[in-house]
Structures are given as C-alpha cells and as structure tokens.
K.L.:
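Before I ask anything, here is the structure I am working with.
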2 protein chains.
Amino acid sequence: MSYLDLNYTPSSGDLVCEFYYEVEGIPHLEAAERIAAESSIGTWTALTTMKDEIKRKLAPKVFYHDLESKTAKIAYPQVLFEEANMPQILSSIAGNIFGLKEVTHLRLLDVIFPEGIVRSFKGPKFGIEGIRDLTGIKNRPFIGTIIKPKLGLNAKEHAKVAYEAWVGGVDIVKDDENLANMKFNPFSKRIKETLRMRDKAEEETGEKKIYMPNITAETLEMLERARLVKENGGEYIMVDILTSGWASLQTIRNAGLDRVIHAHRAGHAALTRHKRHGISMKVIAKIARLIGVDQLHIGSFGVGKMKGSPDEDLQYKAVLEEEIGLRKVLSVASGGLHPGIVDDLIKISGINVVIQAGGGIHGHDEGTRAGATAMRQAVSAVVEGISLKEYAENHRELKIALEKWAPEKLR
Amino acid sequence: MSYLDLNYTPSSGDLVCEFYYEVEGIPHLEAAERIAAESSIGTWTALTTMKDEIKRKLAPKVFYHDLESKTAKIAYPQVLFEEANMPQILSSIAGNIFGLKEVTHLRLLDVIFPEGIVRSFKGPKFGIEGIRDLTGIKNRPFIGTIIKPKLGLNAKEHAKVAYEAWVGGVDIVKDDENLANMKFNPFSKRIKETLRMRDKAEEETGEKKIYMPNITAETLEMLERARLVKENGGEYIMVDILTSGWASLQTIRNAGLDRVIHAHRAGHAALTRHKRHGISMKVIAKIARLIGVDQLHIGSFGVGKMKGSPDEDLQYKAVLEEEIGLRKVLSVASGGLHPGIVDDLIKISGINVVIQAGGGIHGHDEGTRAGATAMRQAVSAVVEGISLKEYAENHRELKIALEKWAPEKLR
C-alpha cells in the first residue's frame, strides 16, 4: 500500500512531522513511505489482518518530499495518538523508525501538534507572566546561579553559598543537575537550610528570592521531594526532564503541587547535537511546553561553553513563546556565562530570559557575593543602556569580573 | 586542577565509564579531563568555593586514554551518585557532557556500576528462570507475536487475532508499541477481551499463553493500567522504557505489582545507532536490568529489518545474563522476523530468547493461525535438529511460509 499523496494538504486535525533522513539501497522517496508505515499502521510485509477501512481512516500521508534537503513531511490523523500520552506519541513518531535498516540517518526536525493534542496536556501552570508576578521582577532579565562546586558542599555550606549569591544580587539559586539526595548533602536538610537562608536574604534585601531544588529521582520519590519543598515554603522545583523521562515529568506537572517547574535538559545533546540524526531541540522544547514546564534551558545563545548559536537558540525561544493557547515558557540561558557576556546575550535574547551563571559568579576573584553583584551590575548596565565599560568605572565588582573574563570589554 | 591519573586502578567502589570522543581546538587528553570535570564536580573556570577536601574525596580520575581508538576511561567515586536514582546518575555521566563545545562527538560506550549502586536497585523480579517457571516452557525459545496491523483493530478484533496466534502455536502475544488507550481500541476493553480469549486458548491448547498489554503512558496512569491488568488476571505488562523514561520505569518496577515487565525500546536508535555519538545499547541494557525489566528487546541478531549484527546483539545478551547478583533478563529478538530465519537466529542466540514476529506471522498467506503454526514448526524443527527444508516436507504451514519469505531454504 502507498502512503504517498503529494497533493494532500494537512488538516487542522493532523499531527505533522518533518523528518531529515538518509537512505541506503532504496530510493529516498520510498524510504519516506517506510517511515510513515513504521510510525503508524504498517510493517515490512503485507498483512492478512489489514483492512481497507483501517487504511482509509488511519494511514498517514507523505505530503511533501525534497531530495535536495533530504526532508519529507508526513501528516498523521490525530486518532493514531492517545491524548495526553506523550510516551505513546513518541513511540510512534520517534520510535522504531530510528532503527530502520535502509534509513541510515533520521532526524525528527519538527512536530506540529494538532489542537486536540495540545489541549489534552496541561501546559505551564505559571509561565513567564506567572513568574514575573511571583517575583515582582518586571522589566529585566532574571539573574540565576547554580551552586558550585556541582557536588561536595554539605547542606549548611550549600545554603551559605546560596545566601551569598542572593544578597549579592542574584534572584534565583539552583541546585546543579547531579545534586540530588547525597550522602554528603541530604535533600531534606539542604532544602530546609537553604530556604531558611532564602528567608534571611529576602528580609535583608527586600527582594523576592528563589531557590530551585533539584528533585530529580524515581517518580514517587520526586513527588515526595516536591511535597517537602512545598511544606518548607519553596515555590520552585527543578526536574532533569530527559534523564527522568516524559512520563514522570507529566506526573509531576499533573500532581497539583502548584510549584513552578524549572526544567534542566542534561543529556539532550546526545539526541539533539548532530544535525543528521536524533531529535531536534525544537521538538524537545515543544514537548516540554505541552507537558507543562515553566522554565527551560535552551542554551547560551552562542556565547557560552556549550554548543549553540544565536539563531538556533532564538528558534527554541520562539517555540516556548509562540501563541498556541498555552502559557509561555521562560527561557533559561546557561553554560559558561559571566558578566562579560551579558550585553551580548541580552541583545540577542531580550529580557524574557534567566541568565544563569555558575562559574561566572562563584569564580569571581572576590567570591560568590561579589560575583553575584558583578552580574547584577552587568544586567543593570544593559537595562539602563550603559556600556559595561562605562558601568565598570564606578562598579568595582563588575570591573574585576571583566578584567578576569572579558578584558577586551574594558578596552 | 587535574583529573588525570594514568596510574590509578579503579576500586570496587568506583563507577567506571568508557567514552569515545572527538575534539576540536584542544588536545584529546585535555578533553577527557573536561568530560571528567563536567560530569562530577568541576566547571569551566576555577571556583572560590572549591575546597581541597572536596577534590580529594570526590574528584573522578581519568585512568585510561587511547588516542588511536579515541577512548578514555574515567573512574568516579560512588559517593558522587545517589543510590537507586538512575536519573541522577545519568544527569552526571550522560548529561551536560554531550553538549561541551570542544567535544564534538561523545559516546558513552560502557558503564561498570559498583556493587553498592547495583544493590540499590531491585533488578528483575522474574527474569529468565521466573518466566520459564511461569510458562512451563523449559527447553526451547519462546515464540511471540505482535498484533498487526499496529493500529486500527478494535478490542474484539484485537482479541480475536491474539486468539488465532495462540491456538496456532504462539506463546506470547504483545501489543504494538504505539497501541495504548485508543479511541478505536480502549485499553480496558482490550485487555478484558484479550485475556478472556487467552483463557479460551489455554483451555483449548493445554498450554500456558501470555498476553503483554502495553501500559505506556504518564506514570500514575501506567500504574493504574498495570493494576487493571493484574485484576483481570494478566501476568505481564509492557512498557516502552525510553519514551516513558527511567524514573517512571523504576516506579512501575518498585510498585510491587508482581507482574513480569516486558521492555520495548522504541526510540533507542536515536541514541544508540551512530557509533560516534550518543549512548550504546549495552549501557541501556545494563540500566534496564538494574531497574528491573524481565524481558528486553535487543535486536534481531542481524537477521531482521532493523539495523544490527550478531556480534553486537550477543554483546547485549551477555550483559543481560552476566553474573552481577541480579536475575537474568530474557532477550527478545524482534523486527522483520519470520519462520525462514528461525534456524539462523537460534544458531546465534541459543534458546534463551523470545522470537517475536509480527508481519512474519500475520503476513502468512493463510492468515494468523497458520502463520503462528509455521513459526512453531520452525522452532520445533530447529530444537529437534531437523532442517527447515526437511521439516517443511510434511508441515504445510511452514512450507507456505518458506515459499513466501525464504524460498532459498527450500532448495
């Protein structure tokens, strides 16, 4: 049977996938049909159990194909998918097809989810607006830090570094992605100590301060940790969405915890990095938004230690903010950031972003508090329209940071 | 600080990773240290918050490096990891490191988990022995089928096809990976109808028959579906472990449901397929075993429609059966299998395997029942040491199957 229909125009009820793929031994167009079959109702041989009725109602259509860009687009009737079941959707459109013998490379470039699927998920509970309301921070980027070293501090030391960062000027303090319930730093003790120091920092600065404890673990354990955060007055939870997985993320989102969900994406680059295979970050961002994270790491807009480019990261940001009837997700820039790149970063990202720096704050020559101050000064400079160089003239923490990480900005 | 120590011998308490990687702009060996840092306690710049004590106790060691094979081995002290928390472990050793700018390709080839980590997970509840006890099938491979077409049958039709397969000679009937709770085939109705037909097939054949319903969904929904299976007398549940994610798989395993867990791996090839990047199937098999699946898809030993080779798949099988103090996981061969490859397959795999054929059964010219019979005949032939050709002489279902899919075996 054929899945090809180049005259077909997808309906609003279709789920549409765009694939990049390379083939071996069969024509490129034929492979598109193989992909369509394996991701829906077909298999490698004709079936005695197949019926015309099924083909008519359920067969997807390859409606676009381009040999030069090696791409094809496939429209799937929504009925092939279970609403509110992301694992099922992915087992179809991002499942066995990656292993087909004749398809040597395959990349899921984009997915357009039909409204019926979008509406079946909760989406973000807070999103950009909810986070701005919660924090009262309206007209500038958020400043975040990750407690460093990634591992090794005990609960009290962790809370102390967090405190230093907050009073220095940081809004948001985040656990690192590999810090969970550790022998040297138990989860329960850490959040109690750190939220206590948050209260102290709020009192001293008169500003709203945020702590994002990493609850990443087995699902029920995550729920338990999220409840503990709530009980102790934390407004945020952090989940490593790819190493935990979509099923558990959805459980956390659906649990009615009323906490802001910060999504870390450790491991995404195993899937997203190479352009000829895997799943694009754009697709991952769309899925995370549907399920309902409030903040998502999308890269450092080409200015940090991680692979990425301004154009790519802006594409992800656009996906997090496009109008699809769900709240907008706040973009998090992270990875090798420091005060010296803040001007370049904001020029690209705009103010709806968390600028999250670990080493770029705790690596400051005068320590965490001064590093936080330097970062806040850099953000203030940009928001006030003053160059980092000029601002550094009478802001010594910023000057020290620039001397260390971006001496060219002082010239 | 340096993470290099080529004289170091890993202790039994270390978690050891083997990485393949390629670099750009920095020496290969230096990149190994970058990987070690980012996956443990370090970052891109020196930290004022770092202490000698932390370095001494927590720093991993790059203890092996080979420029030719582009590999390095890193030993991590166990204290860097939370016991029984696979997402945390992966956020460390398979997390941010995939995105490091200077490391252009990275593949996690192997992980040796220390005993303390292994013991913290439950491992398989049943494993090969438990499944042999449950089914009473002792001295031959298991024969499985997937209901086809993948999607489109209603609950009654689904149950009917399952029945045909069972009475034809199949032991195990499995839902396809994209069949969940569908509008045209609701989960609850499907499992009731299908388990009812299983009872009928058991009565008629006098053999134990197995149904593996796909419970893949959001975590709590999966638990609910698993309970429904249990209530209706099903002994097995099927989970798509990669699209659901490790956190939810662990929740299912830990829930005390006392069901055999069949693990489908849709989407694995997005991570595993290309040898220069991602995560090896070997690592995925090890993780699945630790968490506690009883059966795992590992490929078709190079004889089916999916990418794979006998050597590779045997490596995965070895991982599922090696002595590590946990029950052994039963290997599932699947993807483009039919009666004509059964002799080749068993020669490679041995009898501890589920031979799972979808199209290779339902595509039989005389339908599902005859297809199941042909497959059972092929297995009987091999177990009895008779060639498929000779056995086909007085087993017409097998003969028809061979004529269609493997005419060369009749010559």
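Lettering follows sequence order; numbering is per chain, from 1.
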K.L.:
Hey, are B/Glu82 and A/Arg225 close enough for a salt bridge, meaning a charged N less than 4.0 Å from a carboxylate O?
P.N.:
yes
K.L.:
Spell out, as yes or no, whether a donor-acceptor pair under 3.5 Å connects the side chain of B/Thr219 to the backbone of A/Ala247.
P.N.:
yes
K.L.:
Measure distances from B/His105 to the heavy atoms of chain A and classify the residue's part below 4.5 Å as side chain, backbone, both or neither.
P.N.:
both
K.L.:
What residues, two or more places apart in sequence or in another chain, satisfy salt bridge (charged side-chain N to carboxylate O under 4.0 Å, His left out) together with A/Asp175?
P.N.:
A/Arg190
K.L.:
With a strict 4.5 Å heavy-atom criterion, list every residue of residues 177-184 of chain A that contacts chain B, or say none.
P.N.:
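Residues of residues 177-184 of chain A touching chain B at under 4.5 Å: A/Glu177, A/Asn178, A/Ala180, A/Asn181, A/Met182, A/Lys183, A/Phe184.
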K.L.:
State which residues pass side-chain hydrogen bond (donor to acceptor under 3.5 Å, both in side chains) with A/Arg369; sequence neighbours excluded, sorted by chain then number.
P.N.:
A/Glu164
K.L.:
Considering only heavy atoms, which portion of A/Glu83 lies under 4.5 Å from any heavy atom of chain B: side chain, backbone, both, or neither?
P.N.:
side chain
K.L.:
Just do the side-chain contact (heavy atoms from CB on, under 4.5 Å) check on B/Leu153 and A/Ile54 with the steps written out, would you?
P.N.:
CA-CA 8 Å; B/Leu153 301 178; A/Ile54 295 176; 3.9 Å; yes
K.L.:
Under 3.5 Å, is there a donor-acceptor pair between the side chain of B/His277 and the main chain of A/Ala269?
P.N.:
yes
K.L.:
Sort B/His362 into side chain, backbone, both or neither according to what part of it lies under 4.5 angstrom from a heavy atom of chain A.
P.N.:
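Contact with chain A: backbone and side chain both.
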K.L.:
Under 4.5 Å from any heavy atom of chain B, what part of A/Val161 do you find: side chain, backbone, both or neither?
P.N.:
side chain
K.L.:
Applying salt bridge (charged side-chain N to carboxylate O under 4.0 Å, His left out), can you list everything that pairs with B/Lys122, at least two apart in sequence or on another chain?
P.N.:
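B/Lys122 satisfies salt bridge (charged side-chain N to carboxylate O under 4.0 Å, His left out) with no other residue.
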K.L.:
Mind checking the CZ-CZ spacing from B/Arg265 to A/Phe98? Nearest 0.5 Å is all I need.
P.N.:
14.0 Å
